[in-house]
Structure formats: structure tokens, C-alpha cells
K.L.:
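Structure provided below as C-alpha cells; questions to follow.
A quick note: this is a predicted structure, and the numbers were derived from the prediction, not measured. Below, chain A is the first sequence line, B the second, and so on; all start at residue 1.
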Amino acid sequence: MKIVSKWIIMLVLLTFVAGMVVGCGGSQTQTPAPAQSEGETASSEPIKIGVNYELSGAVATYGSHTANAIQLAVDEINAAGGVLGGRQLQAIVLDNKSENAEALSVATRLIADEQVVAHLGPATTGNTLAVVPVAMEYKVPVLTTSATSPDVTVDPQTGQTREYIFRTCFIDPPQAIVGADFMYNVLGLRNVAIYYDNGNDYSKGLYRVFKEEFTKLGGTVVAEEGYVDADQEFRPTLTKFRDSGAEGVYVPGYYQKVALIISQAKEIGLDVPFVGADGWDSPDLVEIAGADNLNNTFFTNNYYSQDDSPKVQDFVKAYTDRFGSAPDSFAALGYDDAYLLADAIERAGAADPEAIKNALAATKDFEAVTGTMSFDEQHNPVKEIAIIEMVDGQQVLKTKIAPK
Amino acid sequence: MKAMRLRNNLIIAVCLAVLYFGIAYAMKQRMLSSFHQVNLYLMGINIIMAVSLNLIVGFTGQLALGHAGFMAIGAYVSAVMTLKLGQPFLLAVLVGSLATGVVGVLIGLPPLRLRGDYLAIATLGFGEIIRGLLININYVGGAAGMNGIPKLTTWTWLFIFTVATVLLIKNFINSSHGRACIAIRENEIAADAMGINTTFYKVLAFSIGAFFAGLAGALYAHYFFLIQPQTFTILKSFDALVMVVFGGLGSLTGSIIAAVAITVVNAALQSLGALRMVIYALLLVVVMVFRPQGLMGTKEFTLRTLLRQKGGSGLHDYRKQVD
Amino acid sequence: MDLFFAQLINGISLGSIYALIALGYTMVYGIIQLINFAHGEILMVGAFVGFFAIAKYDMNFFAAMLLAMLASALLGVIIERVAYKPLRNSGRLAALITAIGVSLFLQNGGLFVFGTNFQSFPQAFPKKTFQFLDGMITITSYQILILVVTILMMLFLNYIVSYTKTGKAMRAVSYDKDAALMMGINVDTIISATFAIGSAFAAVAGVLLGLYYQTVHPLMGFMPGLKAFVAAVLGGIGIIPGAMAGGFLLGIVEALVSGYWSTNYRDVVVFLILIVFLIVKPSGLFGKDTGEKV
């Protein structure tokens, strides 16, 4: 009897898996409906956009926040009547497990099989780089939110801009340069330490540029150290910084770690200004580090979340209402991505990848949550950099700097 | 008997040829979608990983948790060869695999004196060391890894290497060396007493397994054109181990079936978002609880069983042959 | 010297937590020879129970810890009964894969249920800084709390294992399962009890980790779990004092490497030490080298 019941369970399970496999296979085989048939029948069909994000795995935190905000924006756009005179947007959301090979697999499925007109994501530089060749081969525009490495939009071997790749976040250099300038000239620091995430190319990119710039200005980097992903214990290194005589610390990392670093620094008596970049922007920073510990800390950011412009406030409210927590910079960029894409489709006048690509490249003074942006020749956004100071747990706009 | 074996080999060769040309034709005619092609390549790479790890874990009985480390070495060495030194693909793959095999010997030699779980933890540590070093070597890009590796792994190369891996490992297992490895799995002390140099055979199996894991890494690097240290975490080692145990320890065909099945299930679950890995993990637990010996146990799926030919039970039960 | 003492104290705090986790690992291993990869996730669940008890229900810190221990013990027993027990006679690798499966299930189930955010753990215990010897030694109340709780838990465990009937039965089962069965010991109950105790220890470690690092997250258990496993092996797996010693040793080595050399190479150094150690003394700090008999 026991054996029989075992087999029944196995059978049910297999049918379950087989069902899913067939289900997925089915949706791919019915691909011949080409996207080019822009006849009168197509005008009511939804426009498919691909959303390829890290919903499980190591960086699910970033990917899921971005994907949430994209879904929010898509729903808002559809509720307001869609694009191109009433066509709805259909976001096809797939998980890439925070892995390069998976990101490529998902991108292929979205672009080649689902025939999306544009592809949003992924969140990290590595996963986005894995998507790039697929987009270039099938000539479908990719709009990434948070892949900051210059190599994403420019081929490092040829120096050519990749025609179909765009991003809405800053690349590494401008933020690091502004950060270095701020620490040297505004805060008047001469000896600083740098604490970066050694397992993360965003953080390492900022670290390299900052060090170069700060040294060029005449300052000295008295100590530098990396941490790794799983670290929670920063006191040993911070103790080292304290004894090195650093007058300030540059921490180009993400908020969860930054919050721990700052509160542990105060604990061991390293009471100096901390400066960072847009990875800091999250309500969790204050939650984790505590409002008091964050006084005398600053970071460069895409936007200022307390900005009284209705655009920012509506977004913050809508996001908080729907997902129960205030947005971080990943969410803000994801929201902007979806709106920028809708705007580009509108300007292109057709749900056609080539036309959308051209419209994206021609983006000028697009009003977004993260500022008014235009794309430069390398498909990077040109927008102001905000320097935010943390005062008693509140973000306060210190200054806005226009990029050179 | 001999004639039958010849006939069976012929049938297998014909099947393989049909498979190769069939898929090549389907690719050319664009009957096979790009998404299915990506998963086809993943299947090939996974098969090489599973079969090579099965040699170490399933046939020689040495639990190793550092297979991703070997894959990383193969991937990085071959990528340096093509991307930085401009060498041809075949040479790069060969050098990458050989380098991994050599590292396998160097690393295997001391800890293989360890038994059971101590070896497991030593290999786990080694995998983490490799990743830790790669993050800190700027020549290979540090944490950002290497990007823009030429896409040279074609269907033909993938097919040749996958088939070659399976055949070579199968022949190794059926040779007297392979029998020695199986003897070690069954009872190391008894094997020792029978005059088998157990350390030698363990290191041999270990380095052959490493060699092919390096091959899988090289093929991976030249298909996905981007490698980062974070690709080769312990989770990747777990993936390979899951395929081996899922298919059946000591069953090559089991490993192949499991590699294919897991690749398909993984792709099918993509649209489930956050629930994807939950369901995958649940499937894993349920299958293991109800079929702990894996899909195939130690049996092989052979033509003989399929055609119900005479000559014993038809199933190769290595366990019985060793006793 | 400042730096040395600071790193030593950091290392002892971290090592205490490793030791608490390693105890559970080593007890389970001692009794059924299973590397329970899901142990780190049991810790995570314990941390979340403690987090909810304090943050949402305003419970006292120690009451919350007790609740977390109960919840984790229950979870440990359920996992053992559902996922490991059916596999007890079918090879250790099958059980190992199941453990990996359970670990993945709890990690991703956690991401799904608790969300992907890092949750801020309430500072439910007064935070003070004490200085000794003209500020040469600085220690916080959290670090003292961790050390005290760890030592108390270890004394408690020592009492259970040495003096109670369950503890004696545990030792008997780990020494020889069949003989224990013949002596009238209910092996199944004892194995469940071992999981319950080991998981309760993981919950303590989880709540302390949450408090010390101020956050809880569904993936928080994996790395500490792995490190604690290394600690258990360093100390001699299956040996309770070995797990404590291994935990402290690992924590101190990590802190000293970070302090005097570089965090970038810390894990490389830790694992190198592990491998060298295993080659020199494969049975760990406290293990006896016993040749395998035919």
C-alpha cells in the first residue's frame, strides 16, 4: 500500500511539472504572430514589454523593488488610457535568479520568443552585460535602471556606443567626482579612508574614480579596505580606520551595509563625516542605523525624495500605499524607466523596436521622478546630482550640482 | 555477443548522428527558438558538470563540494587564452581543462587522505578560496569579472565535447582503473587490502572530474561571454551535486537525464517570480524523500534494456559486479 | 595594543555566535552523521520570530528569545520528521541533498513571506559602552550580553548532555545506534530531541545576530551557517566542546585577519587555515584520530 501511495504522489508531481513545462512550451511555439503587422487589428492589442529582474537569489532585494515600481508605473499608464491612443502596456515579468546565464536566458525568451518591443532591466551590471548581445542581435532596445558600469552602454573594445542599450542611472565617474570634490572642498577634509564592497563592481568603480579624483585634488587616502557581501562585522576594519587618523570615510555601498557600517563606527568612536552615493538611498538606512548615528553623513543621489514637486510626492505616496514601504532609489529608477519607455513609444508613434530605440536616443528634457534628463551620446542620462545630508533621520537637500 | 555489441554501438552512433544533424537542421531553419537554444547549451554544460562530478562522488565515493571552483578555473583560464592572449578556441579549451586537471591533482593530493565529510568540507573551502582569489585578481577583472569573451562555443563543439565527456568517463569506469575506483567506493579498506593504491585512484578520479569540470567552464565562458566570480559560488556546486544525486549516484545515464530534466524545470519556472525557487526546492525535497536512490539508482539505461536483449538482466549493476 | 584588544573583543563576540550555531551542527552530525545545511535557515526563522515578537508585539527581549527558541525547536523537529527521517536508511547523500533542498526552500520561502527588505531589528536591550584600562579596552553591553548568553547556554547544554536522561541517551545513540535501541532507548525520540535542542540554540544565535547587527533578512543564515560548519569541523565534528572552541577560534582569526591584514583576503585565509588544519590533524582540535576498522 505504501508503495502505491508513493507512486501516486510521484505521478501527481510529475504531471504538475510536465504541465508547467508544456505550458511554457506552448506559449513559445505560438510565436509566428509578428510584431510588424501594424494593421487595424493590432491597434487594440496590448504592447508587450519585457521585464527581466532579480526576483530570487542574492540580489532579490534590488530586483524586486525595481520590478514592483515598474508594475506600478505600467498600471498607472494603463489606467490613464495606455499609449498610442488607447493601447495597453503588458509587462511580462520573469525572474533571472540573480545569475548571468539566467539573465541571458530570460532576455532571449522575452526578446526572441515573446517578441517584446522593449526590454527593461536587469538591476546589476553583470546581469545587464549578459543581456546586451541578445538585444544587439535582435535589435530591441534595453533600458536598464541600475547598471552603472560605463561598459554597459559603450563597448570597451571599440569605444562605440551600443545602439540599443540605455540607462537611467548615473554611471560611476560623475558621482565619485562630485563626492570627492564635496569632501575636499566643502567639508574641507584632507585625509580620508575608503570602505568599499569588494564583491560589487558598482562599489569598486566608485572607489577607483573617487581615489583618483581625491588624490588629484591634493588629499590623501590614508586607509582603504573592502568588505564582502555576507559581512556584518565591520568593527575590525573601522577600528583600523579610527587609528589611521582618517577625518572622513567614503563608503560607496548599498544601504543595508552602509547602515551597519555607520552605526558600528559610532560604537567604536569613529565620529567623522561619512559620504556615499545613490546606493544609500532607502528608508531602511534610517531604520537600521538610527537617526542619531546618521547625523553628519552625506550622499550623492539621483533625486531628493522630500522634493515638493508633485511628481515626486505622488510617486512616493503611490508606492508606499501599494507596497507598504517607502521607495528606495531602485524603485524610483524603475518607475522612471517605465514612464520613459511609455513616452518613447508615444514619440515613436508605433510599437516598433527600431522606432522606440530612435525615440529613446532622442530623449530630451524628460521630466522624471529622478530629475529632468536627456540622453548624451553614450546613452547615459544627463541630469543634476543632488547631495543629500541626513539630519535627524530626515533627508535634507544640501546642494544640487549640474554635471560638467 | 560481439556482433550484438557492434550492432548496439552502431545504433547508438546513428541515434547520436540523428540528434546532432536534427538539431543543427532545426537551428538552421529557425525551427528551434533562441530561448530553446540557450537551454540546449545549458543542458550540454550541465551534463558535463554532472557526469564529471558523478565520477568523483558516485563512482569513487568521495563527497566533493567544490565543483564550481573547478568550473571557474576552466572558465577563467580559457577566457584569458582567447580574450587576452588571442589564442584559438580549441587550444584555449584544452589549456583551460588541463590547467583545471593539474589544479585538481595539486588540491586533491593532500585532502584526499581525508575521509568522508572532512574531504567535503576541504573541497568546499577550496571552492571558496578560488572565488576569493578571483575577486582580488585585477588582471581577470576582480569582482566585475571578464566581459566580451568571444562567443565560440557552437552547437558542433558543444555536441562533440559533451559526447566525448560521457564516452571517455564511461570507458574509464569500465576499465580496470574505473573498477578500482568503484572498489574504493564500496569499501576503501578492503580495496586497500586487495592491493589497490587508493590514494592514487582517488586523486586520479578527482583530477579527471576536475578536468571535465574545467571543460564545462570553458564552454560556459565562450557561450555566455561573461564570467564573474559570483557565478561560481557554492550554490553552483550544489546544483551539480543535486543533478548527480537526483539522477542516481553511480549512474551516468541518470546524471544525463537529471541534467536535462533540471535544466528544463528551471527554465519552466522562470515566470513564477519569487515563488520560483520555493517550488524548485520543494520539488527537490519531495523527489528525494520518495526516491532517495535517485531516478536511476546505480543502474544504467542501456540499449540492452530497451531492446530486452539476452545476456544477464541487461542492467549494469556495478554493485553486484564488485561484490 | 588598542587594536589588538579591540579585534580580540570583536572576534570573541563573533566567535560566540559561531559557537552557538556550531553546537547545533555538531550535535545533529554526532547523532545522525548528517551535514544539516538547513541549520542556518533555522537560525533565520528564529531571528524572524524574535523580530516579530519584539517589533510587533512589544515583547520583552528575553521572552522573545524564549519564543524564538520554541518556534525553531518545533521547526527543527518538523524538518527532521518530514524531510530527514524517511531517508535515514537510504544513504547519507540523499539526506544531504534534502538538507540543501530544505535550506533553499526556507531561504526563498522567507524571501516570499517576509519580503526582500532588510528589516530593522529593534534595539530591545540597553546599549552602553564600557571602557577599561584607560580606554585601551572598549566593550559594549551587546558584546557582554552575547558572551554571557553564550556561556550560560553552554553550561545549560553541558548539564543536559551530562546529567539528564535525555542527554545520556543522546550520547548513547551517537555512540552506537543499534546498541542504544537494544537498551530500550527510543532512538526516534532522541533524534528529535537533538534537533529540538540544536535548533533552539540556532534561534538564540539568530536573535543575538539580529540584535548585534540590527537587521534580519531571509538570507542572513546562510553564511554564518557555513562558517559555523567550518568551526564545527575545526573543533572536531560531533564533539560538543570542539564546536565551542572551533567557534571562538574562527571568530578571533577572522577579526585578526581583518584587523591586521585585509578583509578582502579574510575568507581565503580562513579556508586555507581550515584545509591546512585538516591535513595536519584531520579529526579537528578535540577529535581523536581513530583508524577505521574493517
K.L.:
Taking the side chain as everything from C-beta on, heavy atoms only, tell me whether B:Leu272 gets closer than 4.5 Å to A:Leu55.
P.N.:
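A side-chain contact is absent here, since even the closest heavy-atom pair is not under 4.5 Å.
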K.L.:
Can you see which heavy atom on A:Asn198 is nearest to which on B:Ala143, and at what distance?
P.N.:
O-CB, 3.3 Å
K.L.:
Side chain from CB out, backbone as N, CA, C, O: work out which of these in B:Tyr220 comes under 4.5 Å of a heavy atom of chain A, or both, or neither.
P.N.:
side chain
K.L.:
Is there any salt bridge (charged side-chain N to carboxylate O under 4.0 Å, His left out) pair reaching into residues 121-141 of chain B, and which pairs are they, with sequence neighbours excluded?
P.N.:
B:Glu128-B:Arg131
K.L.:
Between A:Ser98, A:Gly126, A:Ser56, A:Ala107, which residue shows the highest count of heavy-atom pairs closer than 4.5 Å to chain B?
P.N.:
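Answer, by heavy-atom pair count under 4.5 Å with chain B: A:Gly126.
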K.L.:
B:Phe225 pairs by side-chain contact (heavy atoms from CB on, under 4.5 Å) with which of A:Asn100, A:Leu129, A:Leu104?
P.N.:
A:Leu104
K.L.:
Apply salt bridge (charged side-chain N to carboxylate O under 4.0 Å, His left out) to A:Asp201 and list each qualifying residue two or more places apart in sequence or on a separate chain.
P.N.:
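Applying salt bridge (charged side-chain N to carboxylate O under 4.0 Å, His left out) to A:Asp201 gives none.
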K.L.:
Please give me the minimum heavy-atom distance between B:Leu83 and A:Gln157, naming the atom from each residue.
P.N.:
CD1-NE2, 4.0 Å
K.L.:
Considering only heavy atoms, which portion of B:Ser271 lies under 4.5 Å from any heavy atom of chain A: side chain, backbone, both, or neither?
P.N.:
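Answer is both: backbone and side chain atoms of B:Ser271 are under 4.5 Å from chain A.
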K.L.:
What part of A:Asn96 gets closer than 4.5 Å to chain B, counting heavy atoms only: side chain, backbone, both or neither?
P.N.:
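Contact with chain B: backbone only.
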K.L.:
Give the minimum heavy-atom separation between B:Asn266 and A:Lys97, together with the two atoms involved.
P.N.:
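Here B:Asn266 and A:Lys97 meet closest at OD1-NZ, 3.2 Å.
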K.L.:
Give a yes or no on this: more than 12 heavy atoms of other residues, nucleotides or ligands lie within 6.0 Å of atom CD of A:Gln71.
P.N.:
yes
K.L.:
For residues 147-154 of chain B, which side-chain N or O atoms pair as donor and acceptor with protein atoms under 3.5 Å away, sequence neighbours left out?
P.N.:
| unit_1 | atom_1 | unit_2 | atom_2 | d |
| --- | --- | --- | --- | --- |
| B:Thr153 | OG1 | B:Leu219 | O | 3.0 |
| B:Thr153 | OG1 | B:His222 | O | 3.4 |
| B:Thr154 | OG1 | B:Trp157 | N | 3.3 |

K.L.:
Measuring heavy-atom distances to chain B, does A:Val93 have an atom under 4.5 Å in its side chain, in its backbone, in both, or in neither?
P.N.:
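Contact with chain B is through the backbone of A:Val93 alone.
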K.L.:
Check each atom of A:Asn200 against the heavy atoms of chain B and say whether the ones under 4.5 Å are side chain, backbone, both or neither.
P.N.:
backbone
K.L.:
Counting only non-hydrogen atoms closer than 4.5 Å, does A:Thr125 touch chain B with its backbone (N, CA, C, O), its side chain (CB onward), both, or neither?
P.N.:
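Contact with chain B is absent: no heavy atom of A:Thr125 under 4.5 Å.
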K.L.:
Any idea which heavy atoms bring A:Ala130 and B:Leu226 closest together, and the distance?
P.N.:
N-CD2, 3.8 Å
K.L.:
State, with a plain yes or no, whether a side-chain heavy atom of A:Glu102 is found less than 4.5 Å away from one of B:Gln270.
P.N.:
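Yes, close enough: below the 4.5 Å cut-off.
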K.L.:
Tell me, for A:Tyr202 versus chain B, whether the close heavy atoms (under 4.5 Å) come from the side chain, the backbone, both or neither.
P.N.:
neither
K.L.:
Enumerate by number any residue of residues 59-67 of chain A whose heavy atoms lie under 4.5 Å from heavy atoms of chain B; in the absence of such residues, state 'none'.
P.N.:
none
K.L.:
Give me the atom names and distance for the closest heavy-atom approach of A:Asp113 to B:Ser34.
P.N.:
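For A:Asp113 and B:Ser34, the tightest heavy-atom pair comes out as OD1-N, 4.2 Å.
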K.L.:
Can you tell me which of B:Met277, B:Gln228, B:Lys236, B:Gln37 forms the most heavy-atom pairs within a distance under 4.5 Å of chain A?
P.N.:
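Max contact count across the listed options: B:Gln228.
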